2 protein chains.
Amino acid sequence: MPKIVNHDERMKQIAEAMWRVILDKGMEGATVRNIAEEAGLSLGALRHYFKNQDDLLVYAMTLVRERATERIEAVAQQNMLPKDMIMAVILEIVPINEESLAEMEVWFAFMAHVKHRKHELDVPDDGIFVGAHKLIAYLNASGLLKEGLDLDMEAERLYAIIDGIAMHALFDSERLQPERVKKTLRYHINSICVD
Amino acid sequence: MPKIVNHDERMKQIAEAMWRVILDKGMEGATVRNIAEEAGLSLGALRHYFKNQDDLLVYAMTLVRERATERIEAVAQQNMLPKDMIMAVILEIVPINEESLAEMEVWFAFMAHVKHRKHELDVPDDGIFVGAHKLIAYLNASGLLKEGLDLDMEAERLYAIIDGIAMHALFDSERLQPERVKKTLRYHINSICVD
DNA sequence: AATTTAACAATACAACTGTGCTAAATAAAA
DNA sequence: TTTTATTTAGCACAGTTGTATTGTTAAATT
């Protein structure tokens, strides 16, 4: 087969081009033409890889999720102190740098766009809910949690805080800068952990 | 037939029609034609009240914010126990019924849509940040806050929890139902208050 | 009574949309 | 080299978009 780049690689390049377009022009600017141009391809070429726009949309979303999951798992496999690991994992979700800020914006744009079409599109879940539960369970297993806490409630609360801060960091990045994000997260973790 | 309703009333009707369209079809379905049809008006009529789409967008956003603010202020003026009032105020923001769920969805759609156009559009702030600070300050003034809390951090955390839960209630309303929303919020408030 | 203005409706239009189709170019296999 | 499959480009198409223009009617003002 003609393999300057392989098929999957091209699909990823197109998906990444879509991210860039969304970052630059928002979801309303994410037309097949704009994406093709950003990817340096013709309309026909793009259509060769994705038979319609929804296919590309779902693929691009799934790829965002995969990339984030990979980063988190890489962090989780490092050998760190439990409280440090929790922080490190959360900081892979919450946008604190250019890359994760872009990722978050793309994900948000996707979610808002896809909200009223969940039934017709196979939209991936972000997995943060189960992640929050795992983090709380891990803290508990490490014996770091304070006495008398409700684990289920703590997971729900952590889940809300993660996405809340992520959202604020995205929409009000000037006010909620990386240092303040970290400070707030550390404050919360300390509030539920023994010293 | 002019003057059946006055000018401002018509503008509100059109904005409300826009909300309904967004709820039904999402932001991508919020075209001037769909909005006009939903409002029972012609394109020309709509254009008589809003000279372009951005004007309508900003007006509709502002109206969402105003309505919510009014509801919250009405609650705040009731004579309640501080902790109950805090809960009541937050429950006016977080979507727990059809109306506030719709409001939140519209607001979210707006935010996602105007994200990359903030500079050219005069989009209103939701005011929840200052609201969260006020709530914490009120709890503190009432002597209900636990010792040794960082007020600024508590406000930031409450702000994140409110918007995080709001977001989850919106996108995962099946799992995060009203009772669980209330339970989580009560859990958090109790965790920062003396018994 | 005459004039102006507010409140619409109808239509036109250029730009842009996703998608389908055809044909050419390219590379691999024979 | 020939054959075959993959990749790419270009364009047509029908539909939708926001907006501009023009026309009509009735109320308000003079």
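So you know, we letter chains A, B, ... as the sequences are listed, proteins then strands, and number each from 1. Being a predicted model, the structure only gives us computed values, none of them experimental.
- Between E156(B) and R175(A) there is a salt bridge, since at least one side-chain N of the basic residue sits less than 4.0 Å from a carboxylate O of the acidic one.
- Taking each heavy atom of N34(B) and V21(B) in turn, the nearest pair found is O-CG2, 3.8 Å.
- Here dA7(C) presents its P atom at 6 Å from NE2 of H7(B), a figure rounded to the nearest Å.
- The distance from atom CE of M11(B) to atom C1' of dA6(C) is 14 Å, rounded to the nearest whole Å.
- For the pair L46(B) CG and dA6(C) C1', the interatomic distance rounds to 16 Å; values are reported in whole Å.
- Between the P atom of dT7(D) and the CD atom of E9(A) lies a distance of 13 Å, rounded to the nearest Å.
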Just by protein heavy atoms under 4.0 Å, how would nucleotides 10-25 of chain C read 5' to 3' in B, S and -? B------BBBB-----

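- For H48(B) and dA9(C), the shortest distance from a side-chain N or O to OP1 or OP2 is not below 4.0 Å.
- Applying the salt bridge (charged side-chain N to carboxylate O under 4.0 Å, His left out) rule to pairs touching residues 183-195 of chain A yields nothing, sequence neighbours excluded.
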side-chain contact (heavy atoms from CB on, under 4.5 Å) between F129(B) and H168(A), worked out: CA-CA 10 Å; F129(B) 175 65; H168(A) 296 157; over 6 Å; no

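- Side-chain nitrogen and oxygen atoms of Y49(A) include at least one within less than 4.0 Å of the OP1 or OP2 phosphate oxygen of dT8(D).
- Atom CG in L57(B) sits roughly 14 Å away from atom C1' in dG18(D) (whole-Å rounding).
- Hydrophobic side-chain contacts under 4.5 Å tie L43(B) into a cluster, directly or through other members, with V32(B).
- Annotation: the span from Y159(B) atom OH to D172(A) atom CG amounts to 6.0 Å, rounded to 0.5 Å.
- If you measure from atom CZ of R10(B) to atom P of dA7(C), you get 10 Å, rounded to the nearest angstrom.
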